[in-house]
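See below for the structure under consideration.
Convention: sequence-line order gives letters A, B, ...; per-chain numbering from 1.
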Protein chains: 2
Amino acid sequence: MDYQKKIMDLLQGQVAPLRFDPQRGVEFIDQRKLPLEKNWIKASSYEDIYHIIRDMVVRGAPAISIAAAFGMALTFDSSLGQPDQAEVSHYRHELGRARARLASSRPTAVNLFWALDRVQEAFDAHFSKIAENVLRRADVHQFLLEEALRIWAEDIESNQAMSAFGAGYLPDGGVLTHCNAGALATGGLGTALGVIRKKFHDSGKIHVYVDETRPYLQGARLTAYELFEDGIPITLISDNMAAMVMSQGKVQAVVVGADRIAANGDTANKIGTMGVAILANHFHIPFYVAAPLATFDLQTFSGREIPIEERASRELTHIQDRPFTAEYPVYNPGFDVTPSSLISAIFTEQGVIEKPSRESVAHFFAKIMKSVPQS
Amino acid sequence: MDYQKKIMDLLQGQVAPLRFDPQRGVEFIDQRKLPLEKNWIKASSYEDIYHIIRDMVVRGAPAISIAAAFGMALTFDSSLGQPDQAEVSHYRHELGRARARLASSRPTAVNLFWALDRVQEAFDAHFSKIAENVLRRADVHQFLLEEALRIWAEDIESNQAMSAFGAGYLPDGGVLTHCNAGALATGGLGTALGVIRKKFHDSGKIHVYVDETRPYLQGARLTAYELFEDGIPITLISDNMAAMVMSQGKVQAVVVGADRIAANGDTANKIGTMGVAILANHFHIPFYVAAPLATFDLQTFSGREIPIEERASRELTHIQDRPFTAEYPVYNPGFDVTPSSLISAIFTEQGVIEKPSRESVAHFFAKIMKSVPQS
C-alpha cells in the first residue's frame, strides 16, 4: 500500500509536524520557533531524530512516537550496493543500538516505547520470513520506513475516528482548550483539536478560546498557529482569563488532550488542565478529554500513582532565553492530574467513555476486547 | 509634624515605590524594569508625575494616589523669590490645570481622584485662612507637599492597621497571592502583602506561593522581588499551577488585594483573581481580600456594574517588547470580579468584614460611621 499517498490524502494540506517524500526524506517543522519562524529540519540518521525529540523540535506523545519510528528506519541508509553478507545479528545489533538511543530521548512518553516496539516487531517478522537472510541495507531501510509511514497513517486515522465521536458532543458556540493537543502533537489533525476541526468542518459554528499555557506557551505559539492557519476563529487568552470568559457565557465546552489516563479515568495532562476542569465544573460547563487508547495505562490504579515531571526553573523566569525576572525559587511541574469526577467524557478512536470511573473504564475496555478479532 | 521622619520610621528600610527628601525631591523606582534593573526616576513637575503614572513607572491604586498628590505639590516650584502679587485665582487656575492633567493619567483608579480632592481641599482650606492671600510659590509648594507626605504616611498606617487585623486569620503554613498588592502598590508595607509581612514578623511560619500574574507579570516581577528582598520565603509559580499546589496541601490560605469593592462585597481585582477564588473554594481554602476603605464603592450595587478595562493585545503576544508569538486575535481584560460568596473575609484598616454580603458590608459601614466623631 502507498502510505505516503494515503497520508497526503488524509492531511489534505493541513498542518502536520513532519513531511516526507522519497527524494527529500523526512523533515520536521521546528516547533521551538513557531509561529515566528517556519524552519524545516531534515533528519538523515537516528542520531538526528534523537536530537529532534530531545531538543523539542517535535513534541506531543503521538508525534514523538512517529519520529522515533522514522529514527529506527534511518538506522540503515538507502545505499543500493552489494547485499550485505553479514549475519542478521549484525543488523539486529545496529537496530538495538538505535533503539536504546531513541528510547533515552524523552523517557516519559509511553507512546515512544510502543512505536519502537512496533518497528522492532516489523524487523523481526520480516527476517523470520526470509530463508537466506541476505538483504541490502536499502531493503532494510525500506521496510522499516514502510512501518514508520504505516504508524503515521494509522495515527491520523485514529484521530479522525476520535474526532467523529467527539464532535457530536460539542454544542455550537465557544470551546476552550489548553496546551496543544493538535496536529503538531500528532501525525496530523490532532486529538482535542481534531474534535474541534471536525466540529468546525461540520457546522462552522465554533469559536476557540486558546489558553496560552504557561510556561512553555504551547497554546499561544502552537494551538493559535495551527487553528489560525486552518481558518478556525480563535481568541488567545492568558491561562488566568479562563474563569472570566466562562463567567461571561462565552464557553460552552472544554476539550483537552491527555498524556496518561489511569484505570479510574484520572487524567494527567499539561499543567493547568486540572484548574480548567475545576472552573468548568464550577460554571457547569462540560469538560472533555480526547486521547487515543494508547494513552490509557490500566496498570496505574489512579492519578496518585502517575509520576509528575518537574521541569527547569528557567522556564518560569525566561522567555526565548531572555530573563524577565530574577532567578527566584520556582516550582515547575510539567503536568497535573485531573480527577475523573471532573471529566464529562473521554473521546477515543474506539468510542466514548461517558462519566469516566473505574467501572466505566473497565466496562469500555471489556467491550473493545470482545469486538477486536483475536490474532 | 515631620511626616518625612514619620514615614522613615514606619518603613524601617523596607521596600517602597517612592522616596523623598527635601534636597533631592521625590523619586520613583521604575517598576517596569524591576527586578532586573533598579532605576530611580526623579519627578520635578506635575507633567513628570503624569508620565510616571501613565507609563506605569508606578502602579497600584494607593501608590498612584500618593504620586498624584506629589504631582499637585509640584505644580508650584520652590523658588524663594518675592511673593507673587497675583490673585489666589492665579494659583487656583494653575492647580486646576495640573489636577485635570493628573486625573487623565489612569482614569480607572478611584483613589487617584480621592487624592487629588484631598490636596485641593488642603489648598482651599489654607487660602480661606489667610487674609491677604499673598504667598510665595515656595510656600504653596510647601504646604501642598506637606499634604502629599501626610497622605503617604496615612496610607502606611492604614496598611499597618489592616495587616494587624488580617494576620490573625492566616494559619501557619502556605499562603498564595496573586498580582502585587504589596509595598510597591501602596505607600509601603502593602495590603495583602502587608498581612503576609505581619504574619511573617509575628510567627515566621509562612511560605508564600506567588502567582506570576500574566500578562503583566506583576507577581513574578514585583511580588517576588519585594518579598525576597524582605527575606520572606517564596516560591514562584505560573498562574495555572495554583490548582496543583492547592491540591498538594501546600496552601492554607489565599490573600489578595482589590481595585474596587461593590456594596455587596463583590471584588474587582487583577485578572485571574476570580479563578483563584473558585479554586480555593473547591479545595476548602479560605480566600481573603485586604483593601483600604477607600476601595469600597458603595454607589456600585454589585460586581456586574463595575466596568472592566480592556488592555492592549500586545501584552499577550510580547514580553519586554519582543514578540513570542504572532499577532493573533486576543482578549485582554485587566480585571475580573470575584463574587462575594467566594470571599471568606475582607480586611480593612477599621476591622474585618467576615462573609461579605450586602448586609454585612452595610452593617460594617454603619458601625464605623457611629464610631467616627462627626466633624
Side-chain angles (χ1 to χ4, degrees), chain A residues 34-36 178 209-215 217 220-222 224-225 227-228 233-247 250 270-279 281-283 308 313 315-317 319-320 322-326 328-333 335-337 339, chain B residues 34-36 178 209-215 217 220-222 224-225 227-228 233-247 250 270-279 281-283 308 313 315-317 319-320 322-326 328-333 335-337 339:
Chain A
L34 281 178
L36 299 179
H178 189 74
Y209 289 88
V210 178
D211 270 4
E212 66 175 5
T213 317
R214 284 282 293 149
L217 297 163
R221 297 191 304 104
L222 306 178
Y225 165 73
L227 294 181
F228 194 80
I234 58 164
T235 298
L236 175 62
I237 58 172
S238 62
D239 302 307
N240 62 21
M241 293 169 192
M244 178 82 164
V245 294
M246 287 181 184
S247 77
K250 289 175 176 166
K270 182 52 56 196
I271 185 71
T273 303
M274 171 174 45
V276 174
I278 292 168
L279 297 177
N281 189 60
H282 178 84
F283 290 108
I308 299 298
S313 61
E315 287 185 353
L316 276 213
T317 55
I319 281 188
Q320 295 169 335
R322 281 221 312 191
F324 57 83
T325 189
Y328 298 122
V330 152
Y331 178 51
N332 185 14
F335 305 91
D336 60 25
V337 177
Chain B
L34 280 178
L36 298 180
H178 189 74
Y209 289 89
V210 178
D211 269 4
E212 67 175 5
T213 316
R214 284 281 292 149
L217 297 162
R221 297 193 302 105
L222 306 178
Y225 165 73
L227 294 181
F228 194 80
I234 57 165
T235 298
L236 175 62
I237 58 172
S238 63
D239 302 308
N240 62 21
M241 292 169 192
M244 178 82 162
V245 293
M246 288 181 184
S247 77
K250 290 176 175 164
K270 182 53 56 195
I271 186 70
T273 303
M274 171 174 44
V276 174
I278 293 168
L279 297 178
N281 190 59
H282 178 83
F283 289 106
I308 299 297
S313 61
E315 286 185 353
L316 275 212
T317 55
I319 282 189
Q320 293 169 335
R322 280 219 315 190
F324 56 83
T325 188
Y328 297 121
V330 152
Y331 177 51
N332 185 14
F335 305 91
D336 60 25
V337 177

*Looking at A/M274, A/E212, A/R322, which one has more heavy-atom pairs under 4.5 Å with chain B than the rest?*
A/R322

*asked:* Can you tell me which portion of B/I234 sits under 4.5 Å from chain A's heavy atoms? Options are side chain, backbone, both or neither.
replied: both

*Count the heavy-atom pairs under 4.5 Å between each of A/A242, A/S313, A/A224, A/G275 and chain B, then report the option with the highest count.*
A/A224

*asked:* For A/M244 versus B/F335, what's the shortest heavy-atom pair and its separation?
replied: CE-O, 3.5 Å

*Side chain from CB out, backbone as N, CA, C, O: work out which of these in B/L222 comes under 4.5 Å of a heavy atom of chain A, or both, or neither.*
neither

*asked:* With chain B as the partner, which of A/P215, A/G272, A/S247 has the greatest number of non-hydrogen pairs under 4.5 Å?
replied: A/G272

*Taking side chain to side chain donor-acceptor pair (under 3.5 Å) as the test, write out the residues that go with B/Q320, two or more places apart.*
none

*Check whether any side-chain N or O of A/N240 sits under 3.5 Å from a backbone N or O of B/R214 as a donor-acceptor pair, and report yes or no.*
yes

*Option in B/T235, B/D239, B/L36 with maximal non-hydrogen atom pairs under 4.5 Å from chain A*: B/L36

*Report the option among B/L316, B/I237, B/D336 that has the most heavy-atom pairs separated by less than 4.5 Å from atoms of chain A.*
B/L316

_Testing the basics here: between B/F283 and A/I278, what is the closest heavy-atom pair and its distance to 0.1 Å?_
CE1-CD1, 3.6 Å

*Which of the residues A/T273, A/L217, A/V276 is involved in the greatest number of heavy-atom pairs with chain B at under 4.5 angstrom?*
A/L217

*Identify which of A/L279, A/T213, A/D211, A/V210 forms the greatest number of heavy-atom pairs closer than 4.5 Å to chain B.*
A/L279

_If the condition is side-chain contact (heavy atoms from CB on, under 4.5 Å), which residues does B/T325 pass it with, not counting sequence neighbours?_
A/P35, A/A220, A/R221, A/L236, B/T317, B/Y328

*Does any heavy atom of chain A fall under 4.5 Å from the side chain of B/Y209, the backbone, both, or neither of them?*
neither

*Report the C-alpha distance between B/M241 and A/N332 in whole Å, list the side-chain angles of each, state the deciding distance to 0.1 Å, and finish with yes or no for side chain to side chain contact (heavy atoms under 4.5 Å, CB included).*
CA-CA 8 Å; B/M241 292 169 192; A/N332 185 14; 3.3 Å; yes

_Proximal component of B/F228, with respect to chain A [non-hydrogen, under 4.5 Å]_ = side chain

*asked:* Does any backbone or side-chain atom of B/V245 lie under 4.5 Å from a heavy atom of chain A? Answer side chain, backbone, both or neither.
replied: side chain

